[in-house]
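Scroll down for the structure; my scribbles are underneath it.
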Amino acid sequence: MAAQDVHAHTAHAHAAPQGFVRKYVFSLDHKVIGLQYFFLALTAVFVGMILSLLMRIHLVWPGAAIPLIGEIKPETYLSLLTMHGTIMVFFVLTTAPQGGFGNYFLPIQIGAPDMAFPVLNMLSFWTTFVAFVVLICAFFVTGGAPLHGWTGYAPLSALTNTGPGEQLGADLWITSIAIFCVASLMGALNFITTTLDLRAKGMTMMRMPLTVWSWFITAILGLLAFGVLLSAGILLLLDRNLGTSFYIPLVVVNGQVMGHKGGSPLLWQHLFWFFGHPEVYIAILPGMGVASQLLSTFSRKPIFGYRAMVYAIMAIGFLGFMVWGHHMFMSGMSPYSAFAFSLMTMAIGVPSAIKTFNWLGTIHRGRVRFQTPMLFAIGFVSLFVSGGLSGPFLAQPTLDIPLHDTAFVVGHFHLIMGVAAIFGMFAATYYWFPKMFGRMMNERWGRIHFFITLVGAYSIFMPMHYLGMAGQPRRYSQFTELAYLHRLIPLNTFMTYAAIVTIAAQFIFVINLFWSMKKGPKASDNPWEATTLEWTTSTPPPHDNFGGMTPVVHHGPYEYSVPGAARDFIMQNDPATVTTSH
Amino acid sequence: MGLALLVMIWLITFISTYFFAAKTWWLPQGASTSAPGIDHQFAFTYLLMGIVFVAAQCALGYFVWKYRERGAGAVADYSHGNTKLEIVWTALTAILFIGLNLMGSPIWAAERFAPADAGALPVEVTGMQFAWYFRYAGPDGKFGATAPKLMDPSAGNESAIGLDTSDPAAKDDVVTGTMYLPVNRQVDLTLRAVDVIHSFFVPNMRFKQDAVPGLAIHMHFTPTAVGDYEIACAELCGLGHYKMHGMLKVVSAEDFEKWMAAREAEKQ
């Protein structure tokens, strides 16, 4: 590490902890906290995935007796659906890319010894953990988990007698989300402060890796969005338990006049989607950052249009707050406002298209290496294109008339914020595993995992678009009641088989993950010949990340194949005098 | 590996596109005045997005194969991008997306901005867990009063929506569980929900609108073909959501008058 200038420790560093509890449980080290988030999300994704398997089985074999569970009833199906969505959106898509990888690598990539507020960081993880436990408890209380869907539309979610699961289960559900909001707010503050204040010397904003940019903008979105959801959740709890009427007008449930009046069901939708749409970008932006980082690294080429990429992330973040109404074209909201929301939604397609164009431009005339992380990054681009292009259908209020609340929407958002985001996480896992655990993952099983998952994901979610066009409403537990849905059952059966195969393939990943931790070949400090700062330090990184030194940055993040350089990559802290353009 | 990726990405692209292009699963047969416009906009959007989809996926598959690492000789381009190309591409996508949006807007405006025609048939649609009820105003052309405390879902029809029979205007109101409409006459809908949000979805009419407790939402459409059309609920409303269906029977004007006369006769 002769290349690094030696600086005194900053005030943010803390002494290496002693003892198991301080080191691994209530750790202040962002790397340990990142791993805690990662394993929490891994647990959550398996719970969420098994729920989706049960749903798919119920949809095509409604009477099937499932071991330990028995026959799934329609209301149970809706509970599975609610919990699947809530677990996946909050505890996987929000937790892993930002809390997990962001926590671990943002400080290292900017050359900082830790997060700005280590105690707050620890608190935000443990608060997230409590939120997860509270949510899972909903399965075990009287009445079970709520059936109102992850969007929890009032008054269905705001009253206790609208269905099974709407008693204590629904209280636990909204309490969990509120706790999660608090945790995310703490995390967001930490990410923003760290990025702004703790960058190493020479790490200008325009030299930050695109992963850092995406975590930074994601944190800003989180800071603005989760506060609104927290308030909305508290109002919902008040409506449910203290007799207020924020979301409930005069309603009659099963012949019983409820004691509410004057509330607005649309208020919940506005507040929820004011959070909910930015949440889509909270889930996907880190994946975009990872894809950019990996496509450049494994194509041995600078990222195409770095500045355009940064501005596109900012534009997506900014516009992301002005499009929430596109979830509500059919809600009874003013039809005039649909024009504005639709126009903004179409506009957000422009920076997304810029990103796709630049990813293709990065591969173009590169020298592509096909290690597993790159396969998933390429898969990410394919899925991002596929999931993105159904957006302009749904962004048009006119086409929302046939498509809103059908399987088309489910296919759209699963491809883009589900599968594409998860491909981003897989790419990140295969890419950073050597740095996190000091060993390499198995390449052969990585490739097998990739191909089955890519084909499987398309086989599950592309047909949902066809089902939606044919008019299959979402959140139907059976297709037997409406005659026009009967002809769609064979396609649904195919999707269930595809889901079974795809879910089985995820065990390949998990086995590879845990096996490689113990038995994988030892990793060098920079196995991918990458340029960013995490690859300049030892593997795994020491407690203070750079072993008592602070790196000094001389180059932009993606200096590959620079003419005249000794190797085909120049690391960010390399003082080599070869001229680079950043 | 590059070739495997190319084959896989291209196969996925062509198979996905085939099932769209072959219309194996397409929008159901349209039977309202708004259907042709919506279907045209859908097909046009599909065509444009389909072209972009195939082009982007094919380029991705081709590039990863073409620019795969081959031996030590080849060197990657040292390029940070091309601002001119970037601007052209941005402008093109902006025109495409915003153009599509503006093209589709008149259809939306025609459906939702103008009130129903003067001669439209008023029908009130009420959603409740888990049934749809349809109310016709009768010869006086006026909907009578309803009262929440009179609602009795187990009794069905008039009692389910809480029709107040002491109101003279309510005497000739007809409430049914099946929707009858005369063909080629606009229907002036008032959508209501009594308990939670439901969504009145008639795929063949290209009609969907949430029914929200506390709101009376006015909409209109015109059926253009005689036939039976299924009505679904499109907004999650509870455990019976999947079976909250109804039937729309579009009949000739004469048949409609006969049916209405028979319902009025039943009330006497």
Side-chain angles (χ1 to χ4, degrees), chain A residues 74-75 149 153 155-156 162-163 249 251-253 255 257 265 300-302 304-305 308 330-332 335 342 346 349-350 353-354 357 360 363-370 382 385 389 393 396-399 401-402 405 458 462 466 469-471 473 475-478 481-482 484 561-563 581, chain B residues 1 9 12 16 19 25-28 38 41-42 45 49 53 56 59-60 63-64 67-69 74-78 80-81 86 89-90 93-94 97-98 101 104 107-108 112 148-149 151-153 194-197 203 206 208-210 212-215 217 230 232 234 236 238-239 242-243 245:
Chain A
E75 56 268 37
Y153 275 19
L156 183 61
T162 48
V251 291
V252 183
V253 179
V257 182
R300 315 309 294 165
K301 219 182 134 229
F304 189 98
M330 301 296 129
S331 67
S342 171
M346 284 301 206
V350 176
I354 292 174
F357 181 71
L360 291 175
I363 301 171
H364 186 251
R365 300 178 75 87
R367 229 152 55 90
V368 180
R369 296 176 180 174
F370 294 111
S382 173
V385 168
L389 285 174
F393 288 81
Q396 298 180 54
T398 310
L399 299 187
I401 297 168
D405 262 331
Y458 269 114
M462 193 53 86
Y466 310 141
M469 288 188 321
R475 294 167 166 170
Y476 269 32
S477 69
Q478 277 162 45
E481 300 293 317
L482 284 160
Y484 79 93
S561 303
V562 183
S581 37
Chain B
M1 188 52 57
I9 293 173
I12 288 170
S16 305
F19 285 116
W25 297 280
W26 196 251
L27 302 171
I38 291 174
Q41 181 69 13
F42 182 84
T45 305
M49 294 303 122
F53 172 70
L60 177 65
F63 285 0
V64 297
Y67 300 109
R68 68 195 183 279
E69 187 172 45
V75 180
D77 257 15
Y78 180 66
H80 286 88
E86 199 97 58
W89 170 254
T90 306
T93 47
F97 287 162
I98 293 174
N101 177 284
I107 303 168
W108 177 260
R112 313 246 163 177
K149 61 179 189 300
M151 289 181 187
D152 178 8
V194 305
D195 39 31
V196 300
I197 300 176
R206 299 290 181 275
K208 185 183 287 139
Q209 174 59 51
D210 286 3
V212 183
L215 295 182
I217 297 171
E230 289 185 288
L236 176 58
L239 65 93
Y242 72 100
K243 55 182 176 187
H245 58 92

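A, B, ... follow the sequence lines: proteins, then strands. Residue 1 opens every chain. In this text the structure is predicted, and so the values were computed from the model without any measurement.
Taking both residues in full, the closest heavy atoms of B/Val212 and A/Pro265 are given as CG1-CG, 3.7 Å, listed atom of the first, atom of the second, then distance. The minimum heavy-atom distance linking A/Ser477 with B/Tyr242 is given by the pair OG-CD2, 3.3 Å. Considering all non-hydrogen atoms of both residues, A/Pro155 and B/Asp195 come closest at CG-O, 3.5 Å. The two residues A/Thr162 and B/Val196 make their nearest non-hydrogen contact at CG2-CG1, 3.7 Å. Closest heavy-atom contact between A/Val350 and B/Ala94: CG2-CA, 3.6 Å. Heavy-atom minimum distance, A/Phe370 versus B/Met1: CB-CG, 3.3 Å.
Contacts of B/Tyr67 classified as side chain to side chain donor-acceptor pair (under 3.5 Å), with partners at least two apart in sequence or in another chain: A/His364. Taking the side chain to side chain contact (heavy atoms under 4.5 Å, CB included) definition, one finds that A/Ala353 meets it with B/Trp89, B/Thr93, sequence neighbours left out.
The shortest side-chain heavy-atom distance between B/Phe19 and A/Met462 does not fall under the 4.5 Å cut-off. Residues A/Pro402 and B/Ile38 have side chains in contact (heavy-atom distance under 4.5 Å, counting atoms from C-beta outward). Looking at A/Ser561 and B/Asp77, their side chains never come closer than 4.5 Å, going by heavy atoms from C-beta outward.
Taking chain B as the reference chain and counting heavy-atom pairs below 4.5 Å, the highest number among A/Gly332, A/Gly149, A/Gly255, A/Pro335 is found for A/Pro335. Note: B/Val194 leads B/Val194, B/Asp152, B/Ile107 in heavy-atom pairs under 4.5 Å with chain A. Looking only at heavy-atom pairs under 4.5 Å with chain B, the residue among A/Glu481, A/Arg369, A/Arg365 that has the most is A/Arg365. In terms of heavy-atom pairs under 4.5 angstrom with chain B, the leader among A/Pro74, A/Gly349, A/Ser382 is A/Ser382. Options B/Gly238, B/Gly104, B/Pro148 differ in how many heavy-atom pairs under 4.5 Å they form with chain A, and the most are formed by B/Pro148. In terms of heavy-atom pairs under 4.5 Å with chain A, the best-connected choice from B/Lys243, B/Glu86, B/Lys149 is B/Glu86. With respect to chain A, the highest number of heavy-atom pairs below 4.5 Å among B/Ile98, B/Ile197, B/Ile9 belongs to B/Ile197.
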Inset, instruction - Could you walk me through whether A/Leu360 and B/Phe63 pass the side-chain contact (heavy atoms from CB on, under 4.5 Å) test, one step at a time? - result: CA-CA 8 Å; A/Leu360 291 175; B/Phe63 285 0; 4.2 Å; yes
Legend entry - side-chain contact (heavy atoms from CB on, under 4.5 Å) between B/Trp108 and A/Gln396, worked out: CA-CA 9 Å; B/Trp108 177 260; A/Gln396 298 180 54; over 6 Å; no
Legend entry - Derivation and outcome, side-chain contact (heavy atoms from CB on, under 4.5 Å), residues A/Val385 and B/Leu60: CA-CA 10 Å; A/Val385 168; B/Leu60 177 65; over 6 Å; no
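To the nearest 0.5 Å, the span separating OG1 on A/Thr398 from CZ on B/Arg112 amounts to 9.0 Å. The CG atom of A/Leu399 sits 10.5 Å away from the CG atom of B/Asn101 when rounded to the nearest 0.5 Å. Annotation: the span from A/Leu389 atom CG to B/Met49 atom CE amounts to 6.0 Å, rounded to 0.5 Å.
With a 4.5 angstrom heavy-atom cutoff, A/Pro302 touches chain B via backbone and side-chain atoms both. Heavy-atom distances place both the backbone and the side chain of A/Gln478 under 4.5 Å from chain B. Both the backbone and the side chain of B/Pro213 come within less than 4.5 Å of a heavy atom of chain A. Using a 4.5 Å cut-off between heavy atoms, A/Val253 touches chain B through backbone and side chain atoms alike. For B/Leu236, the parts lying under 4.5 angstrom from a heavy atom of chain A are both the backbone and the side chain. Within the 4.5 angstrom heavy-atom criterion, atoms from both the backbone and the side chain of A/Tyr484 approach chain B.
A donor-acceptor contact shorter than 3.5 Å is absent between the side chain of B/Glu69 and the backbone of A/Val368.
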